[in-house]
**Student:** 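What follows is a structure written as structure tokens; I'll ask about it next.
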There are 2 protein chains.
Amino acid sequence: MPGLVYIVDDDASFRTAIERRLKKAGYEVATYPSAQHLLDCPPSENKLGCILLDVRIPGLSGPELQGRLSEIGSTLPIVFLTGYADVQTTVRAIKAGAEDVLTKPVSSEELLGAIERAMAHHEVMRGQRSQLDALRAHIAKLTPREREVFELVIRGKTNKQVANVLGATERTIKAHRHRVMEKLQVQTFAELVSLAERAGILRESSGTGQAN
Amino acid sequence: MPGLVYIVDDDASFRTAIERRLKKAGYEVATYPSAQHLLDCPPSENKLGCILLDVRIPGLSGPELQGRLSEIGSTLPIVFLTGYADVQTTVRAIKAGAEDVLTKPVSSEELLGAIERAMAHHEVMRGQRSQLDALRAHIAKLTPREREVFELVIRGKTNKQVANVLGATERTIKAHRHRVMEKLQVQTFAELVSLAERAGILRESSGTGQAN
DNA sequence: TCTTCTATTGTCCCATGGGACAATGCGAAC
DNA sequence: GTTCGCATTGTCCCATGGGACAATAGAAGA
């Protein structure tokens, strides 16, 4: 699997060495001397890739960069490189979603294995992400009113009940409902509920889950 | 938060020392000299607890025990104790779901903090687990035929379509459908779909997701 | 053998969902 | 000022879902 590896390390000679090894293995490479450099020109989520990150670098540390990236919604897997075995840091990094933690010096076998797993992982993540994005993009096309109707019908409310809640006629709700089905491109009510569930709508502040 | 800590360590004096520390902190303790001992009398999932596990023990190793436990569906969080910092093992343990990895000698602060987080985690897991179990138990009460009808209607098939697929009358499907709603204790169709989605039914071998 | 569970089907009737066809009022953008 | 998106409501009609009431038949157990 090809892909782009973003190397973040303050040691220029080390960057070059790793870069050479990765290029030989068929990967594209982008190098950054610091976390800030990477944040300044944020990597594309669309391109298959992963980040090879030194734990201890001047400025923002590796784990700190990891935190920033996850805040901005990055799904790029991170492989950490660390100079010495630090269990505490390792645990935190992995629990925060890192793909792997490797100790320097790193064998090509270890390195390439980790990169490969990271790429594979990113491939999966991208797929899931784009599905969810597409879903939410559709839902975002609903007008506020349609959205209200949507929220209620997927919880099992009848048109009549929705009409009462929103202070409108049953006929009106019917119209909104129709446009909702249209905009979300579903043929059946079951698909509508299923879609809402997958988009996470039914898990957000749904109270007790009762349908009366 | 109280709870029971299962200590697995081959060093008797170490077990005793830890046991004393934990009891002082208000925890119940059960000790095992080996992984096999713990597997022989498997801990109750119902009681709030966690496992304190040495990585290197004679017989089954810590990570091996972790594997066995997860195979049999245990949700007990595991806190590893290791004599020396091994990044490789740590990464694997955490990715396999361990709650934490601590290095010996361990300070009371570290130990109790980790145990406390593990207990809190188990509390959450137990809640989720019992919810899912209740859901699946209900679904398991469906007869084979009812289950077939269930699978089809939650994918948006009309009674008529289901009747065609299963080679029965629309009226029959109606009867089955009625009993499904009854047994799963839902009032509305939306709840039925939502329940199926949460139980994972709609993600299993559902083909393209089309509803025609 | 008698009971129970499961699967099956029927009729009658009503509430609900949803399509077709059509129209009004309002605020914002052009 | 006109166009456009949005919200609103109407009628007519039909398909579908679902409750009420009832019954048959085979298979598994007690």
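Everything numeric here is computed off the predicted structure, so don't read it as measured data. Proteins come first, then strands; the chains are lettered A, B, ... in the order of their sequence lines, and each starts at number 1. No hydrogens, no waters, no symmetry mates; every other heavy atom, side chains included, goes into these values.
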**Student:** Check the distance between D/dA7's P and A/Arg179's CZ and give it to me in whole angstrom.
**Tutor:**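 About 7 Å, once rounded to whole Å.
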
**Student:** With a 4.0 Å limit, can you tell me whether B/Thr143 has a side-chain N or O closer than that to the phosphate oxygens OP1/OP2 of C/dC5?
**Tutor:**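 The answer is no; no side-chain N or O of B/Thr143 sits under 4.0 Å from OP1 or OP2.
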
**Student:** List the steps and the verdict of salt bridge (Lys or Arg N to Asp or Glu O under 4.0 Å) for B/Arg126 and B/Glu123.
**Tutor:** CA-CA 5 Å; B/Arg126 281 199 308 167; B/Glu123 183 75 344; 2.8 Å; yes

**Student:** Looking at residues at least two apart in the chain, or sitting in another chain, which of them share a side-chain hydrogen bond (donor to acceptor under 3.5 Å, both in side chains) with B/Thr143?
**Tutor:**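 Per chain and number, B/Thr143 pairs via side-chain hydrogen bond (donor to acceptor under 3.5 Å, both in side chains) with B/Glu146.
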
**Student:** Is the shortest side-chain N to carboxylate O distance from B/Glu197 to A/Arg198 below 4.0 Å?
**Tutor:**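 Judged by the 4.0 Å cut-off on N to carboxylate O distance, B/Glu197 and A/Arg198 do form a salt bridge.
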
**Student:** Without decimals, in angstroms, what is the distance between B/Lys183 NZ and C/dC5 P?
**Tutor:**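 Rounded to whole Å, this separation is 10 Å.
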
**Student:** If the sugar-phosphate is the primed atoms plus P, OP1 and OP2 and the base is the rest, what is the B/S/- string for nucleotides 9-18 of chain D, using protein heavy atoms under 4.0 Å?
**Tutor:** BBB----SSB

**Student:** Do you know the tightest heavy-atom contact between B/Ile139 and B/Ala199?
**Tutor:**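 That closest heavy-atom pairing would be CD1-CB, 3.7 Å.
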
**Student:** Does A/Leu166 reach the side chain of A/Lys157, with side-chain heavy atoms less than 4.5 Å apart?
**Tutor:**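 SC-SC contact between A/Leu166 and A/Lys157 ruled out.
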
**Student:** What stems, by residue range, does DNA chain C take part in, given at least 3 consecutive Watson-Crick or G-U pairs under 3.5 Å?
**Tutor:**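 When the pairs of DNA chain C are grouped into runs of at least three, the stems are C:1-30 with D:1-30.
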
**Student:** What closest approach, in Å, do A/Cys50 and A/Leu76 show between heavy atoms, and which atom pair accounts for it?
**Tutor:**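 Looking at all heavy atoms of both residues, the closest pair is N-CD2, 4.0 Å.
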
**Student:** Does A/Arg145 come within less than 4.0 Å of A/Glu148, counting only side-chain N to carboxylate O?
**Tutor:**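 So A/Arg145 pairs with A/Glu148 through a salt bridge.
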
**Student:** Output one letter per nucleotide in nucleotides 23-30 of chain C: B when a protein non-hydrogen atom lies under 4.0 Å from the base, S when only the sugar-phosphate is that close, - when neither is.
**Tutor:** --------

**Student:** Using whole Å, report how far CD of B/Glu148 lies from P of C/dA7.
**Tutor:**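 Distance, rounded to whole Å: 9 Å.
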
**Student:** Could you check whether B/Lys47 pairs with B/Glu28 (Lys NZ or Arg NE/NH1/NH2 to Asp/Glu carboxylate O, under 4.0 Å)?
**Tutor:**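 A salt bridge is present here (some side-chain N lies under 4.0 Å from a carboxylate O).
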
**Student:** How does each nucleotide of nucleotides 23-30 of chain D score, in 5' to 3' order, for protein heavy atoms under 4.0 Å: base (B), sugar-phosphate only (S), or none (-)?
**Tutor:** --------

**Student:** If I compare all heavy atoms of A/Val193 with all of B/Ser194, which pair ends up nearest, and what's the gap?
**Tutor:**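 Looking at all heavy atoms of both residues, the closest pair is CG1-N, 3.9 Å.
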
**Student:** Partners of B/Arg171 by side chain to side chain contact (heavy atoms under 4.5 Å, CB included), sequence neighbours excluded?
**Tutor:**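 In terms of side chain to side chain contact (heavy atoms under 4.5 Å, CB included), with neighbours along the sequence ignored, B/Arg171 is linked to B/Thr169, B/Lys174, B/Ala175.
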
**Student:** With B/Glu19 as reference, evaluate B/Lys23, B/Arg15, B/Arg21 under the salt bridge (Lys or Arg N to Asp or Glu O under 4.0 Å) test and give the passing residue.
**Tutor:**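 Output: one option passes, namely B/Lys23.
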
**Student:** Shortest non-hydrogen contact from A/Ala25 to A/Leu112?
**Tutor:**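 So the minimum-distance heavy-atom pair works out to CB-CD2, 3.6 Å.
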
**Student:** B/Glu146 has an atom CD; how far is it from atom P of C/dT8, in whole Å?
**Tutor:**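 From B/Glu146 CD to C/dT8 P: 10 Å.
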
**Student:** Please report the distance, rounded to the nearest Å, between CG in A/Leu166 and P in D/dT8.
**Tutor:**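 Distance check: A/Leu166 CG to D/dT8 P gives 8 Å.
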
**Student:** Salt-bridge test for B/Arg147 and B/Glu151: reply yes if a basic N is under 4.0 Å from a carboxylate O, no otherwise.
**Tutor:**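 A salt bridge links B/Arg147 with B/Glu151.
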
